[in-house]
Amino acid sequence: MLKIVDHALVQENLTKIRDKNIDRVHFRSGIIEIGRLFAYEFTNTLDKKSVSVQTPLGIAEGIKIKDMENIVVVSVLRAAIPLVEGISKVFKDAEYGVIGAWRSEEPPFKAKMEYIKLPDLENKIVIVADPMLATGGTMNSILDEIKRRDNPKRLVVFNIISAEPGIEKIFENHPEVEIYTCSVDEKLNKEGYIIPGLGDVGDICFGRPCL
Ligand code: URA
């Protein structure tokens, strides 16, 4: 399932963070806001039950979102840090995991994973946050690793921008995955960046690393 999150606030934030002249502070805060809005949108898909509440003056009917405490958010380091900051504003009771993953700089963009710290994912709603779904190689390895460990109730991916090759790869290998994204962009360049995209998320958020 591919869900384009087309809420006007999400799309306005996406437009702002695509601007090549944006500064680091506004770039990060745009991503934080998109994370918060993604989580807000996703909450509508969770199971609810009816409850009643005693007000000072009577009894009112209301709801409880059943799975709110059954969520695990996985942050793909380092680019997902601000996205997960936004998500955590909504999923306050969730558990959090981290995966340090990156891809080689040249084709075939082989994915590498090193630091993996995940809570128990069995029967949980697992949301993997990574701002860009380009070739899909890294995300595919992460989803393999999650399924090798446990059997989540739902497996969800939050990407700000996606490209067709990445989407195809994920659905080919993990057809049950739900992808939430703001935009499916045109293509990848030969370095594996999404075009028009927004550049290198990690570098814009945190600076270019030196080895
Ligand atoms: N990662 C990024 O940060 N940007 C892209 O365009 C693709 C992967």
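Just so it is clear, the model here is predicted, and its values are computed rather than measured. We're numbering straight along the sequence, starting at 1. In each ligand, atom 1 is the first atom listed, and ligand 1 is the first ligand listed.
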Under 3.5 Å, N/O to N/O: give me all the pairs between ligand 1 and the protein, one per line with atom names and distance.
unit_1: ligand 1; atom_1: 3 (O); unit_2: Val201; atom_2: N; d: 2.8
unit_1: ligand 1; atom_1: 4 (N); unit_2: Gly199; atom_2: O; d: 2.8
unit_1: ligand 1; atom_1: 6 (O); unit_2: Ile194; atom_2: N; d: 2.8

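Minimum interatomic distance between Arg24 and Phe206 (heavy atoms only, all atoms of both residues): NE-N, 4.2 Å. Among all heavy-atom pairs drawn from Tyr96 and Phe91, the shortest one is OH-O, 2.8 Å. Here the shortest heavy-atom pairing between Pro131 and Ala79 reads CG-O, 3.3 Å.
Under a 3.5 Å cut-off, the side chain of Ser104 and the backbone N or O of Lys110 do form a donor-acceptor pair. In this structure, Glu12 contributes its side chain and His7 its backbone to no donor-acceptor pair below 3.5 Å.
Remark: of the listed residues Lys169, His174, Glu172, Glu145, His174 is the sole one forming a side-chain hydrogen bond (donor to acceptor under 3.5 Å, both in side chains) with Asn140.
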